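Notes for the one structure printed next.
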Protein chains: 2
Amino acid sequence: MDAMDWALLAELQADARLSFSELSRRVHLSAPAVAERVRRLEETGVITGYHARVDPALAGRPVSAVIRMNCYGPRCILRDGAVTAWPEILEVDRVTGDTCCILRVATASMAAFEELIDRLAPHGQPSSTMVLSTPVPWRPLSPAPGAEAKGR
Amino acid sequence: MDAMDWALLAELQADARLSFSELSRRVHLSAPAVAERVRRLEETGVITGYHARVDPALAGRPVSAVIRMNCYGPRCILRDGAVTAWPEILEVDRVTGDTCCILRVATASMAAFEELIDRLAPHGQPSSTMVLSTPVPWRPLSPAPGAEAKGR
DNA sequence: ACTGAAAGAGCAATACA
DNA sequence: TGTATTGCTCTTTCAGT
C-alpha cells in the first residue's frame, strides 16, 4: 500500500467506472501498471467490490432508521441468516455494549417500518432511532492520519 | 421506475463496472435503451454515484466504531463543516431521540480512536460503541416489498 | 419508447524492452 | 514498469418501427 495505491483507491472510490486508461492518466502511471495494481488490490481484498449507490428515498424507501437490537441469546438475529437477509435491512454490525447488533433499515412507509419492528421483536428488544437526514452519506477511505506510505 | 429499471439497478449495485453492452445482454434490452435509462436514473438522482468499496481493516483502519453524539446546541458538529470533514468520520446521520447524530468512524488504532473522542468532546457528549464485525456490510436496494412496478 | 446497424473512438491485453 | 501494437469492444448516433 504505497502512495500510488492510495491514489488509485481515491479515484476508484470517487468513480468506480473509470477505465484503466483514464486511471493511468490521472495517476501518471502506465495502463498495464494500473491494471496490475488494481488487480492486486482486488485479490488481497482491499477493494471488496464496485457498487452503484442508490438514494433510498428516491427508490421508494423514504423511511430510514437505525435499530439497536438487544437479542434474546439463542434467538439472536445474527444466528438466523433468514432475518439478516430481509430486504429492509441494509446493514448489520455486531457491536460491544448493552446491545448485540445495530441494524440500518429502510422501508417504504411508517406502516411497513412498524411491521418490521413487529417481526424483529421475537428475536430481541429493538430500540429504534429514525434517520432525519444524512449530512455525510459516505466518505472515501484515505490513508490513516499519521501513517506513512509503506512499500510491500 | 419499472421492473426494467430495477433490473438495471440490481446489476449496477452488484457491479458498477459493467459496460452498457454487458448490461444490455443481461437485462435483454438494446444497448442504447440501457444507456438512456441509466442516464435518467443518474439525472433523477436515483443513482447517486459509483464507488469502489474498501475494507477499512485491510486499508489500515482496524478500529471501527459507532458514536452517538449528544451535541451542545450551538457547538453541534452538524453546524461545523470542519468536523464532519475529518477523515476518520465515514458517515454522519442526523437522528431523532436523545442524541443529535450518529457517526460511523474508523481509526488506525485505539490510541487514534481515543484521540478522536477527545476532539469530539468539546462539541458534545460522545457515546461510543465498538464494531466487532459487520455480518452484513451492505445490501443492494430492491423494490420496496409490496410495491408494484409502476410506470412514470 | 425501443431496435438495429454502422461509425468511430477508445480500450484491454499482449509482447517485448 | 513503460512503450507499442493489435484486435476488439464499446459508445454513440441515426433512421426506422
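Since the model is a prediction, treat every value here as computed from it, not as a measurement.
The residue B/S21 sits close to a base: some heavy atom pair falls under 4.0 Å. Residue contacts for A/R25: at a heavy-atom cut-off of 4.0 Å it reaches the sugar-phosphate backbone alone, with no base atom in range.
The main-chain N or O of A/P135 is never found under 3.5 Å from a side-chain atom of A/S133 such that the two would form a donor-acceptor pair.
Ion pairing between a basic and an acidic side chain is recognised when a charged N comes within 4.0 Å of a carboxylate O; B/E43 and B/R40 show no such pairing. Under the 4.0 Å criterion applied to side-chain N and carboxylate O atoms, B/E42 and B/R39 are not assigned as salt-bridge partners. Between B/D15 and A/R17 there is no salt bridge, since none of the side-chain N atoms of the basic residue sits less than 4.0 Å from a carboxylate O of the acidic one.
Here B/R39 does not reach the OP1 or OP2 of D/dT12: none of its side-chain N or O atoms lies under 4.0 Å away.
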Look for any protein N or O under 3.5 Å of an N or O in nucleotides 3-8 of chain D and output each such pair with its distance, or none.
none

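Along DNA chain C, read 5' to 3', the first and last nucleotides having any atom under 4.0 Å from a heavy atom of chain A are C/dC11 to C/dT14.
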Item checked: Bracket notation of DNA chain D in which parentheses pair within the strand, [ ] cross earlier pairs, and | pairs with another strand (Watson-Crick or G-U, under 3.5 Å) -> ||||||||||.||||||
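Here salt bridge (Lys or Arg N to Asp or Glu O under 4.0 Å) pairs that include residues 96-121 of chain A, with residues two or more places apart or in two chains, are A/E88-A/R119, A/R104-B/E91, A/R104-B/D93, A/E115-A/R119. Sorted by first and then second residue, the ring-ring contact (aromatic ring centres under 6.0 Å, His included) pairs with a member in residues 75-104 of chain B form an empty list; sequence neighbours excluded.
In terms of position along DNA chain D, the nucleotide closest to A/H28 lies nearer the 5' end than the nucleotide closest to the other residue of the pair A/H28 and B/E22. Between B/R17 and B/M4, the residue whose closest nucleotide on DNA chain C is further toward the 5' end is B/M4.
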Next item on the list: Go through the steps to decide whether A/L141 and A/Q13 satisfy the test side-chain contact (heavy atoms from CB on, under 4.5 Å), and finish with yes or no.
Entry: CA-CA 8 Å; A/L141 221 54; A/Q13 286 181 97; 3.6 Å; yes
Note to self: Between B/R75 and B/D80, is the salt bridge (Lys or Arg N to Asp or Glu O under 4.0 Å) condition met? List the steps.
What the structure shows: CA-CA 8 Å; B/R75 310 189 69 166; B/D80 189 341; over 6 Å; no
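Applying the salt bridge (charged side-chain N to carboxylate O under 4.0 Å, His left out) test to B/R53 and every residue at least two apart in sequence or in another chain returns nothing.
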